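Just so it is clear, the values below take in all heavy atoms, side chains as well, and ignore hydrogens, waters and symmetry mates. In this chain, numbering begins with 1 at the start of the sequence shown. No experiment lies behind these values; they were computed from the predicted model shown.
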Amino acid sequence: MKPMISLAALASALSAVPAMAQDGQTQPDAATFVEQTEAAYNDKMIAQAHADWVYMTYINHDSEILSSTAGADVTKFNVANALQAAQYVDEKGLSYDVNRKLNRMRTLIVLPAPTTPGAAEEVSSLNAKLQGIYGAGKGTLNGQPISGSDIEAAMGTNRNPSELKEMWTSWHDNVGKPMKADYAKMTALANEGAKELGYADVGALWRSNYDMSPEDFAALTEKLWQEVKPLYDQLHCYTRTKLNEKYGDDVQATTGPIRADLLGNMWAQEWGNIYDVVAPAGAGDLGYDVGELLTAKSYDPIKMVKTGEGFFTSLGFEPLPETFWQRSQFTKPRDREVICHASAWDVDNVDDLRIKMCIKVNADDFTTIHHELGHNFYQRAYNKQGAYYLDGANDGFHEAIGDTIALSITPQYLVDIGLLDKAQVPGADKDLGLLLRQAMDKVAFLPFGLLIDRWRWKVFSGDIAPADYNKAWTDMRLEYQGIVPPVERGPDAFDPGAKYHVPAVVPYTRYFLARILQFQFYEAACKQAGWKGPLHRCSFYGNKQVGEKLNAMLEMGASKPWPDALEAFTGSREMSGKPMLRYFAPLSAWLKKQNAGKTCGW
């Protein structure tokens, strides 16, 4: 994920620039306004990054206050400048860059606040408090407390349905439930701020950040979902059958939805951890497990990160700076609470690149490292752009780059880096197993990636009232994912809060877009590399030509509309689910045969 410096805001000190003309003062022309504001924005972005880094890597009362105070100042800064920018956008004769930066000033605010006295401080304080609840949250296993990173790992390996139910329920109750009232307050205030900026609500503001109208963006995500939904439906049907075979009717019925805690992930967002449950006989035995390979080769967290860095340098990118290794958080400290949720940072907007993780030596974190480093190398590529262009072409692009690299963690790549012996490379008879293992993460995620923001869009619009937060959440998870909680959820529950991105106010549709985009990027990279075999076997590791073309897209940052960036690397200006469908075509045909005669759907 991107650096969470945007959670509260990205700059500080309203007085730093002439954001609003005062009585008797001359309002600067649009170009001067943008130039002055952008310079201050860059400086204050850096200050805010330092404050947020300290808070997230050292959660205590004082660091929360520092982060919250800086966030309040930032919100004032961004809101004031967004209001001022709105006065220029209809002005004739503006240059391309001035006009684009004015528009970005209005849409970059993730969590706006109204201009009433004290509102920015209250929004920022609530946001910091919610993140603190999440960061310090614990569930239980056999009645004993278990931290967030540990409970995530346990959900992936435990096959005892009663213990899975306990972990799921305790985490959602202990972490989500205490947030509900404060989340409702924060949402109401943020909506007031969005309306002052000229948007119907926060959801409309978020949807305006994609070089199209909010309505067109919602329609685009629906089009993409309908393209890939049939593949998800087939995977759901097959997985449910396998879970029924393992646990029996009392735990998982043969028809209807799947019990959420059985899917190997606290949020049922990715199902790869239960591949052992669903693996087809023969083809499903891949002959290796990445986590076991890492352990056998004595990998530690640092060596895992070095390996991820090596993929990017093999494409021609410069190595990470020495400060990356000095300042990153790679493992969970023993002496304090931190937010373990993985994120990537560029603290100085130049080369102070970092990741924040609580790395465990397993396959999931090996993949996550490649993902997070994708953010870092993207950040470095566009660091010569102006401050308002220091971002991905859209937020889905930023998430998709590392995922594209992670798709290239193929058996051949594992051989190339010395993790897998060439004799252990699975043959063509294992292709269905390789594809199924990939689909359990990539395809299973699709509806989850969509529903979080669709739930929030309805919360922001008022279609879902606070009293109905959890019922609507449960209903939408059933509608989109075909899953249900393992226990009844009461009206005081707030299960959305048990997912980091909700209390942290991180827009989530970016992850759905990234799942689509990464297959477009991956297919394009494999074509550029001259790959001739099955697409899912392609690795472009070491291909400088791919790296050169990739960098040409990355260095654009947000300076051009995203279709321009997409075209620069793939040759197409349209996002499409078809490359994903082509990647999984053999698996799709096989799943249909496995599901023949079964009652699919829920």
Inset, instruction - Evaluate the side chain to side chain donor-acceptor pair (under 3.5 Å) criterion for residues Asp421 and Gln424: first the C-alpha distance (whole Å), next the side-chain angles of each, then the deciding distance (0.1 Å), finally the verdict. - result: CA-CA 5 Å; Asp421 189 275; Gln424 291 179 279; over 6 Å; no
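- In this model, no donor atom of one side chain and acceptor atom of the other lie less than 3.5 Å apart for Tyr508 and Arg456.
- Lys180 has no carboxylate O lying under 4.0 Å from a charged side-chain N of Asp492, or vice versa, which leaves the two without a salt bridge.
- Taking 4.5 Å as the limit, some side-chain heavy atom of Arg259 sits within range of a side-chain heavy atom of Lys165.
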Inset, instruction - Evaluate salt bridge (Lys or Arg N to Asp or Glu O under 4.0 Å) for Asp495 paired with Lys499, printing each intermediate quantity in order. - result: CA-CA 8 Å; Asp495 293 344; Lys499 175 62 180 171; over 6 Å; no
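- Annotation: the span from Cys237 atom SG to Lys592 atom NZ amounts to 12.5 Å, rounded to 0.5 Å.
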Inset, instruction - Starting from the C-alpha separation in whole Å, work towards a yes-or-no answer on side chain to side chain contact (heavy atoms under 4.5 Å, CB included) for Ile355 and Trp345. - result: CA-CA 6 Å; Ile355 61 170; Trp345 300 61; over 6 Å; no
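- Shown here is Lys129, whose NZ atom has no more than 12 heavy atoms of other residues, nucleotides or ligands within 6.0 Å.
- Side-chain contact annotation: Ser588 with Trp590, donor-acceptor N/O pair under 3.5 Å absent.
- The distance between the ring centers of Phe448 and Tyr511 does not fall below 6.0 angstrom.
- For Arg489 and Asp173, the salt-bridge test passes: some basic side-chain N is under 4.0 Å from an acidic carboxylate O.
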Inset, instruction - Apply salt bridge (Lys or Arg N to Asp or Glu O under 4.0 Å) to Asp276 and Arg159, showing your working. - result: CA-CA 11 Å; Asp276 60 294; Arg159 299 292 180 262; 2.7 Å; yes
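- Of all heavy-atom pairs between Tyr275 and Pro280, the closest is OH-CD, 4.2 Å.
- For the residue pair Gln379 / His398, no side-chain donor-acceptor distance below 3.5 Å is found, with atom types taken as modelled.
- The two residues Leu434 and Leu286 have their closest heavy-atom pair at N-CD2, 3.6 Å.
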Inset, instruction - Please lay out, stage by stage, how Phe512 and Leu224 fare under the test side chain to side chain contact (heavy atoms under 4.5 Å, CB included). - result: CA-CA 9 Å; Phe512 172 78; Leu224 294 170; 3.9 Å; yes
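- For Trp271 and Phe445, the ring centers are positioned 6.0 Å apart or more.
- Distance CG/Asn160 to CE/Met167: 8.5 Å, rounded to 0.5 Å.
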Legend entry - Steps toward side chain to side chain contact (heavy atoms under 4.5 Å, CB included) verdict (Val175, Met179): CA-CA 7 Å; Val175 176; Met179 298 179 182; 3.8 Å; yes
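- How far CD1 of Ile258 is from CZ of Arg477: 11.5 Å, rounded to the nearest 0.5 Å.
- Sparse packing is recorded around NZ of Lys458, with 12 or fewer heavy atoms of other residues, nucleotides or ligands lying under 6.0 Å away.
- Within the 4.5 Å cutoff, the side chain of Leu263 has heavy atoms near those of the Thr239 side chain.
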Legend entry - Pair Phe540-Ile405, side chain to side chain contact (heavy atoms under 4.5 Å, CB included): steps then yes or no: CA-CA 9 Å; Phe540 48 86; Ile405 301 300; 3.8 Å; yes
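- Between Tyr480 and Trp225, the ring planes lie tilted relative to each other; the angle falls in the 30° to 60° range.
- Judged by a 6.0 Å distance limit and a 45° cone about the ring axis, Lys303 is positioned over the six-membered ring of Tyr299.
- Classification of Asp441 and Arg437 as a salt-bridged pair holds, one side-chain N sitting under 4.0 Å from a carboxylate O.
- Aromatic ring centres of His236 and Trp602 lie closer together than 6.0 Å.
- In this structure, Gln252 and Leu243 approach most closely via the heavy-atom pair CG-CB, 3.9 Å.
- Side-chain atoms of Ser147 and Asp150 include a donor-acceptor pair closer than 3.5 Å.
- In this structure, the separation between CE on Met266 and CG on Leu164 is 9.0 Å, given to the nearest 0.5 Å.
- Considering all non-hydrogen atoms of both residues, Ala260 and Ala268 come closest at O-CB, 3.8 Å.
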Inset, instruction - Could you go through the ring-ring contact (aromatic ring centres under 6.0 Å, His included) check for Phe397 and Tyr378 one step at a time? - result: CA-CA 10 Å; Phe397 275 65; Tyr378 203 163; 7.5 Å; no
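- Residues Phe519 and Lys442 form a side-chain contact, since some pair of their non-hydrogen atoms from C-beta on lies under 4.5 Å apart.
- A donor atom on one side chain and an acceptor atom on the other are found under 3.5 Å apart for Gln518 and Asp403.
- Tyr583 and Gln438 share a donor-acceptor pair across their side chains, judged by distance under 3.5 Å alone.
- Considering only heavy atoms from C-beta on, Glu245 comes within 4.5 Å of Lys242 through its side chain.
- Using a 4.5 Å heavy-atom threshold, the side chains of Pro301 and Val361 count as touching.
- In this model, no donor atom of one side chain and acceptor atom of the other lie less than 3.5 Å apart for Thr599 and Thr255.
- For the 3.5 Å distance criterion, the side chains of Asn244 and Asp249 qualify, holding a donor opposite an acceptor.
- Judged by distance alone, the side chains of Asn60 and Glu64 never bring a donor and an acceptor atom under 3.5 Å apart.
- For the residue pair Asn362 and Leu294, the shortest heavy atom distance occurs at O-CD1, 3.7 Å.
- Aromatic ring centres of Phe494 and Trp473: separated by at least 6.0 Å.
- Atoms OH and CG, on Tyr55 and Asp62 in that order, are 12.0 Å from each other to the nearest 0.5 Å.
- In this structure, the separation between CZ on Arg515 and CG on Leu446 is 7.5 Å, given to the nearest 0.5 Å.
- Side chains of Tyr134 and His341: no donor on one and acceptor on the other come within 3.5 Å.
- Taking both residues in full, the closest heavy atoms of Asp431 and Pro534 are given as OD2-CG, 4.1 Å, listed atom of the first, atom of the second, then distance.
- In this structure, Gln226 places its CD atom where more than 12 heavy-atom neighbours from other residues, nucleotides or ligands lie under 6.0 Å away.
- Leu435 is listed as a side-chain neighbour of Pro586, based on a closest heavy-atom distance under 4.5 Å.
- No cation-pi contact links Lys138 to Trp171, judged by a cut-off of 6.0 Å to the six-membered ring centre and 45° from its axis.
- Checked against the 6.0 Å centroid threshold, Phe311 and Tyr413 count as a close aromatic pair.
- Contact check on Arg510 versus Asp395 returns a salt bridge, with a Lys/Arg side-chain nitrogen under 4.0 Å from an Asp/Glu carboxylate oxygen.
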Legend entry - Verdict with supporting geometry, Arg454 and Thr221, side chain to side chain donor-acceptor pair (under 3.5 Å): CA-CA 10 Å; Arg454 291 197 172 186; Thr221 61; 3.2 Å; yes
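- For Lys471, the NZ atom is loosely surrounded, since the number of other residues' heavy atoms within 6.0 Å does not exceed 12.
- Judged by distance alone, the side chains of Asn158 and Glu163 do bring a donor and an acceptor atom under 3.5 Å apart.
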